[in-house]
There are 2 protein chains.
Amino acid sequence: MVPQKDDFRIGALSRQSGVKIETIRYYERIGVMPPPPRSQSGYRLYDDSHLRRLSFIRRSRHLGFSLEEIRGLLVLVDGHAYSCAQVQALTQDHLETTRRKIADLQKLEGVLGDMVAQCDGGLVPDCPVIDILFDQKPGNQ
Amino acid sequence: MVPQKDDFRIGALSRQSGVKIETIRYYERIGVMPPPPRSQSGYRLYDDSHLRRLSFIRRSRHLGFSLEEIRGLLVLVDGHAYSCAQVQALTQDHLETTRRKIADLQKLEGVLGDMVAQCDGGLVPDCPVIDILFDQKPGNQ
DNA sequence: GTAAACCCTGTAGTAACTACAGACTCAAGA
DNA sequence: TCTTGAGTCTGTAGTTACTACAGGGTTTAC
């Protein structure tokens, strides 16, 4: 492929996409980014389609999709065979996972909040938080 | 140390604590669990103090404390030099981190929910979720 | 021409585990 | 007592998603 005016190297792609150079190379290695053409000196040459794909990956990562989930989405898109139903199902799954994580964290928050509330912040080596973690609740002694 | 009646081996500790054998050995390797005495044949021998410490670690992990945070707590406890104020501060930090995670996930939930809501689940290769991820919002074309 | 920035591949590290492999030990049953 | 399977050991490597070099080649700006 002859270098084109709109080709850019990995540093430029990194700056434009907000994804680190090393991460871009990692994505290529694990296959979610296609290997781009190279210059005579071996430099990777990217065009706008790569930038769009990388931005897709980045947005999806920011939304908490795992790389494997992103790979699944990209397989659908690359094959031009996806249906809106398929994508919706994947996204719905992810949404439900997110909700479960929130619920788990909220339980945690509750427990932690209770623990902290039992602390009077004194200067003595005696603390209800430690007791709880050592399962030495006042009722257990 | 002469084997004592209340000594038990790693499998028993694993069953009693709910922490896997390999994880126990990992905790020892990274220093949050002390190396226990050994039998003549080289088997690790644990007593109730180890079980208590491991349960502390497990509870803290379940509460989302990182191993490094747990290490910090254990340093305080081991030195018998902690104050309730120190522990409270660490726990409060952790509580605030948990709250931030919840907030982040709730934002995510909102975005994902909006995305899914735009899907009519059709059978055609045309999906607002994909468009959004490719930054091809209707208003961007 | 020079020096710094850029890029390459390969390797290894992070956090918190997890899973072998190969070899030794123990315990239960015959 | 012998046998066999379970238990344990150390060492190594893998998981996920990056991240950070090292050493060497290339490009760019002054």
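Side chains included, hydrogens not; waters and symmetry mates left out as well; all remaining heavy atoms used. In this text the structure is predicted, and so the values were computed from the model without any measurement. Proteins come first, then strands; the chains are lettered A, B, ... in the order of their sequence lines, and each starts at number 1.
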Could you state the [atom1]-[atom2] distance from [X] to [N], rounded to the nearest angstrom?
| X | N | atom1 | atom2 | result |
| --- | --- | --- | --- | --- |
| A/Ile10 | D/dT26 | CD1 | C1' | 15 Å |
| B/Leu45 | D/dG7 | CG | C1' | 13 Å |
| A/Arg25 | C/dC6 | CZ | C1' | 10 Å |
| A/Glu69 | D/dT16 | CD | P | 12 Å |
| A/Tyr46 | C/dC7 | OH | C1' | 11 Å |
| B/Ile24 | C/dT18 | CD1 | P | 12 Å |
| A/Met33 | D/dA17 | CE | C1' | 16 Å |
| A/Glu22 | D/dT19 | CD | C1' | 6 Å |

Phosphate-side-chain proximity, [X] and [N], N/O vs OP1/OP2 below 4.0 Å:
| X | N | value |
| --- | --- | --- |
| A/Thr23 | D/dT19 | yes |
| B/Lys20 | C/dA16 | no |
| A/Arg38 | C/dT9 | yes |
| A/Ser41 | D/dG25 | no |
| B/Tyr27 | C/dA16 | no |
| A/Arg61 | D/dC18 | yes |

Taking the basic N atoms (NZ, or NE/NH1/NH2) and the acidic carboxylate oxygens, is any pair closer than 4.0 Å for [X] and [Y]?
| X | Y | answer |
| --- | --- | --- |
| A/Asp7 | A/Arg44 | no |
| A/Arg25 | A/Glu22 | no |
| B/Arg99 | B/Asp104 | no |

Task: Side-chain heavy atoms of B/Gln118 within contact of B/Cys127, under 4.5 Å - done: no

Task: Heavy-atom closest pair, residues B/Leu13 and B/Leu51 - done: CD1-CA, 3.7 Å

Open item on the list: Quick check: any donor-acceptor pair below 3.5 Å linking the side-chain of A/Tyr43 to the base of C/dC6?
Closed with: yes

Open item on the list: Using a heavy-atom cut-off of 4.0 Å across all strands, would you classify B/Ile21 as base, sugar-phosphate, or nothing?
Closed with: sugar-phosphate

Open item on the list: On DNA chain D, does the nearest nucleotide to A/Arg9 precede the nearest nucleotide to A/Arg29 from the 5' side, or the other way round? Give the residue.
Closed with: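 Looking at DNA chain D, the more 5' nearest nucleotide goes with A/Arg29.
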
Open item on the list: Nearest heavy atom decides the nucleotide; on that basis, is B/Arg15 or A/Gln40 closer to the 5' end of DNA chain D?
Closed with: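 The residue closer to the strand's 5' end, by nearest nucleotide, is B/Arg15.
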
